[in-house]
*Asks:* 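This structure is in structure tokens; I'll ask about it shortly.
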2 protein chains.
Amino acid sequence: MSKGRVTVIDIAHAAGVSKSTVSLVLQGSSLVNEATRAKVNAVIRDLGYVYNRSAANLRQAKSKIIGIVVNDLTNSFFAELAVGVDVVVQSAGYVQFLSNTGENIDRQREVVASMREHGISGLIVSPARGTEAGDLKPLVNSGIPVVVVVRNIPGAKVSSLVSDNHAGSAAAVEHLVSLGHRRIAFLGGFPDTAVFAERIDGYRQAMQRAGLDADGDLVVGSAPSRAGGVAAIERAMLIATRPTAALCFNDAVAFGVCDGLRTLKLEPGRDFAVVGFDDVIEAQTAVPALTTVSVDPQGMGRRAAQLLLKQINAGKVEAETLVSSVRLVVRQSCGAGLGDVGRRITA
Amino acid sequence: MSKGRVTVIDIAHAAGVSKSTVSLVLQGSSLVNEATRAKVNAVIRDLGYVYNRSAANLRQAKSKIIGIVVNDLTNSFFAELAVGVDVVVQSAGYVQFLSNTGENIDRQREVVASMREHGISGLIVSPARGTEAGDLKPLVNSGIPVVVVVRNIPGAKVSSLVSDNHAGSAAAVEHLVSLGHRRIAFLGGFPDTAVFAERIDGYRQAMQRAGLDADGDLVVGSAPSRAGGVAAIERAMLIATRPTAALCFNDAVAFGVCDGLRTLKLEPGRDFAVVGFDDVIEAQTAVPALTTVSVDPQGMGRRAAQLLLKQINAGKVEAETLVSSVRLVVRQSCGAGLGDVGRRITA
DNA sequence: CTGTTAGCGCATTCAC
DNA sequence: GTGAATGCGCTAACAG
């Protein structure tokens with residue numbers, strides 16, 4: 001915003017019409033004569049007029065901006081997500097505020113507040129770890145549509161878009177079965193979360209369909225972390241009839257499982273098949289990557305944005321939960337029908 | 001912006017003071033009585049008042065928002081860059097509009113225009129390929145500070161922050177020379193860009209200093225892409241006295257060169273030394289990473305943001321060109337004095 | 001079809 | 001210290 005900014009009144013003056021007429025051509029209204037419209041447009045070009053959206057927004061009490069906050073833009077999963085959002089947001093004529101929280105919940109609170117002050121008309125958030133329903137409360141109470149992606153936040157009355165955990169688990173199991181595995185473990189995760197319930201359910205059903213035993217010792221819960229993965233595989237290997245493969249609650253657990261296997265002098269992929277779950281992509285390059293149940297981050301971003309725009313246009317906000325389909329990404333098969341492991345490929 | 005939004009006048013009414021008083025406490029002015037200030041703050045909290053920045057911006061003819069447009073957010077180099085920008089922008093009390101152009105120049109024009117309409121007080125842009133000085137002209141003419149990063153755009157009177165291409169090339173050559181190489185090629189890139197000129201210049205000078213021949217067939221241009229790299233190495237290996245090492249225009253080319261070498265039954269790093277240039281980090285994990293001339297993208301982002309904020313605060317815009325230092329990152333030496341290759345480590 | 005009038009929510013003079 | 005006016009640039013009603 002420069003000093004000598006030219007305004008509607010200037011161009012109205014120069015074109016010999018009134019401001020409202022100018023306003024009308026600005027909005028592409030058909031209520032204005034073709035001749036005057038041309039005249040006005042010409043003057044607009046000549047004077048180098050730029051539309052002031054702040055003023056318009058103030059007047060209309062609505063903005064054409066949506067906010068997106070992600071927990072870790074450094075992680076290419078979320079960068080892709082942001083790109084997906086950007087694509088549909090841009091083509092809908094919106095611009096996006098983007099903020100990175102770096103898993104810092106205070107920062108998240110700040111940026112959300114800031115965005116609110118700026119009058120965003122909607123928010124897409126991939127919440128930082130530990131986000132609670134209360135953190136989004138003020139936003140949703142003021143009627144601003146919010147879409148939570150990737151991680152759902154229990155108790156919040158907002159729309160969310162998460163991956164198809166059930167189908168993902170099932171696909172992983174079917175894959176392992178097709179490789180000849182019969183003792184397939186499910187490792188990691190806390191049983192008291194919705195995500196866990198969905199994943200374990202998909203696992204159980206697929207096992208059952210394959211005529212395999214899914215109960216008992218094959219399911220070993222743990223913290224959904226790398227350390228948890230180590231603990232889980234150690235426990236699982238104490239079973240009399242050891243598993244030969246494992247579906248892990250998420251990638252972090254999978255990496256821990258690999259760590260644990262190596263401690264046991266077993267090579268992941270050769271001696272034991274490990275499948276990860278793309279909930280949290282962690283340290284992609286620091287460990288040998290594996291076959292995973294993957295989601296399409298950019299597609300998720302697009303879908304989230306579409307959902308948000310729908311709600312913005314609808315005026316009415318109804319919490320809605322969408323499920324994003326997943327696909328099994330097999331990295332590299334290493335013979336012997338015993339699992340697979342390979343290099344991670346960035347989508 | 002909801003329907004029943006509470007405004008300063010509401011809280012003034014409820015607190016029994018005037019709007020201006022409220023405005024003053026909002027700005028933390030010391031011209032207001034402690035008691036009334038407390039009272040006002042209490043009412044603000046109670047009524048759930050949210051500050052309307054659009055209105056404030058309109059009044060003050062300035063905003064607290066900066067724009068950042070990148071050519072490819074999918075590329076983690078630029079994602080990191082955006083994170084760096086975000087960090088300093090946030091702590092300076094600004095919010096950022098982020099847009100991804102995907103190298104699409106029309107899109108870039110659109111988003112820049114949109115940001116202008118929104119009254120950004122500054123712009124950081126990593127321009128799409130083919131961006132011309134004219135594309136930024138309207139912005140700079142209206143006095144809005146612009147900082148161009150990564151790629152400079154010739155002829156534009158804006159500040160820019162680029163990496164030290166000259167020194168980077170030289171360092172790479174010296175490194176290869178110290179490993180015993182004497183036939184060192186420069187592969188990839190289009191000769192008609194400023195970046196190419198700088199890199200080739202650093203290469204030539206370093207070669208000369210080492211008493212080596214840098215002319216003739218050792219310089220092979222190509223598209224700055226993976227495919228271009230394949231073509232370049234194939235052509236380079238047709239020379240009578242083959243090179244034993246190559247400095248590549250960028251990482252994409254370097255990866256292509258590795259591909260090409262393997263086709264020729266040569267193992268990059270063992271049989272032929274390859275050094276990349278961190279212009280575009282591509283598919284970090286999909287290929288064996290190599291020694292590169294690296295910049296710190298996040299650091300560049302921070303620096304760009306600082307430069308921009310300085311200019312915003314200074315009021316006066318003076319085009320300034322900053323050079324970001326680079327460092328040679330040697331991944332792993334693999335004996336025989338013939339190059340080196342290793343795992344890429346994310347910063 | 002076009003002009004007139006009246007604010008949107010805030011910050012900035014000035015008086016008091 | 002505080003209150004009363006005034007205007008930022010624009011759009012939404014009506015008039016004409």
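A note on names: the letters A, B, ... follow the listed sequences, proteins ahead of strands, and every chain is numbered from 1.
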*Asks:* Roughly, in whole Å, what's the span from CD in A:Glu34 to P in C:dT2?
*Replies:*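 Distance, rounded to whole Å: 10 Å.
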*Asks:* Using only atom types and a distance under 3.5 Å, with no angle test, would you say the side chain of B:Asn313 pairs donor to acceptor with the backbone of B:Lys310?
*Replies:*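 No, the answer is negative, given that no donor and acceptor are paired below the 3.5 Å cut-off.
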*Asks:* What is the per-nucleotide protein-contact pattern of nucleotides 10-16 of chain C, from the 5' end, where B denotes a base atom under 4.0 Å from a protein heavy atom, S denotes such proximity for sugar-phosphate atoms only, and - denotes neither?
*Replies:* BBB----
*Asks:* To the nearest Å, how far apart are B:Leu58 CG and D:dT11 C1'?
*Replies:*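 In whole Å, D:dT11 C1' lies 12 Å from B:Leu58 CG.
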*Asks:* Checking the side chain of B:Arg303 only, and the main-chain atoms of B:Val85 only, is there a donor and an acceptor separated by less than 3.5 Å?
*Replies:*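 The answer is no, because no donor-acceptor pair under 3.5 Å joins these two groups.
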*Asks:* Could you state the CG-P distance from A:Asn57 to C:dC8, rounded to the nearest angstrom?
*Replies:*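 Rounded to the whole Å, the gap is 16 Å.
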*Asks:* Please determine, by modelled atom types, if A:Arg53 and B:Ser54 share a side-chain donor-acceptor pair under 3.5 angstrom.
*Replies:*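 The criterion, which ignores hydrogens and geometry beyond distance, is not satisfied for B:Ser54 and A:Arg53.
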*Asks:* Can we say A:Glu132 and A:Lys137 salt-bridge, meaning some charged N sits less than 4.0 Å from an Asp/Glu carboxylate O?
*Replies:*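 No.
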*Asks:* Would you write the dot-bracket representation of DNA chain D, where each base gets (, ), [, ], | or . depending on whether it forms a Watson-Crick or G-U pair under 3.5 Å and with which partner?
*Replies:* |||||||||||.||.|
*Asks:* If I take atom CG in residue B:Asn33 and atom P in nucleotide D:dG3, what distance separates them, rounded to the nearest angstrom?
*Replies:*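 Taking atom P of D:dG3 as the reference, CG of B:Asn33 is at 11 Å.
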*Asks:* In whole angstrom, give the distance that lies between atom CD1 of B:Ile11 and atom P of C:dG9.
*Replies:*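 Nearest whole value for this atom pair: 14 Å.
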*Asks:* Could you check whether A:Arg151 pairs with A:Glu103 (Lys NZ or Arg NE/NH1/NH2 to Asp/Glu carboxylate O, under 4.0 Å)?
*Replies:*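 Result for this pair is yes, salt bridge flagged.
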*Asks:* Between C1' on D:dC10 and CG on A:Asp10, what's the gap in Å once rounded to a whole number?
*Replies:*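 Atom-to-atom, A:Asp10 to D:dC10, this comes out as 13 Å.
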*Asks:* What's the NZ-C1' distance between A:Lys62 and C:dG9, to the nearest Å?
*Replies:*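 One finds 18 Å between C1' of C:dG9 and NZ of A:Lys62, rounded.
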*Asks:* Please check if any side-chain donor atom of B:Gln311 sits under 3.5 Å from a side-chain acceptor atom of B:Ser159, or the reverse.
*Replies:*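 Looking only at side-chain atoms, B:Ser159 and B:Gln311 do form a donor-acceptor pair, the distance falling under 3.5 Å.
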*Asks:* Hey, is the main chain of A:Ala113 close enough, under 3.5 Å, to the side chain of A:Glu117 for a donor-acceptor pair?
*Replies:*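 No; judged by distance alone, with no hydrogens or angles, the pair does not exist.
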*Asks:* Which residue, B:Arg302, B:Gln96, B:Gln298, forms the side-chain hydrogen bond (donor to acceptor under 3.5 Å, both in side chains) with B:Asp86?
*Replies:*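 Option passing the side-chain hydrogen bond (donor to acceptor under 3.5 Å, both in side chains) with B:Asp86: B:Gln96.
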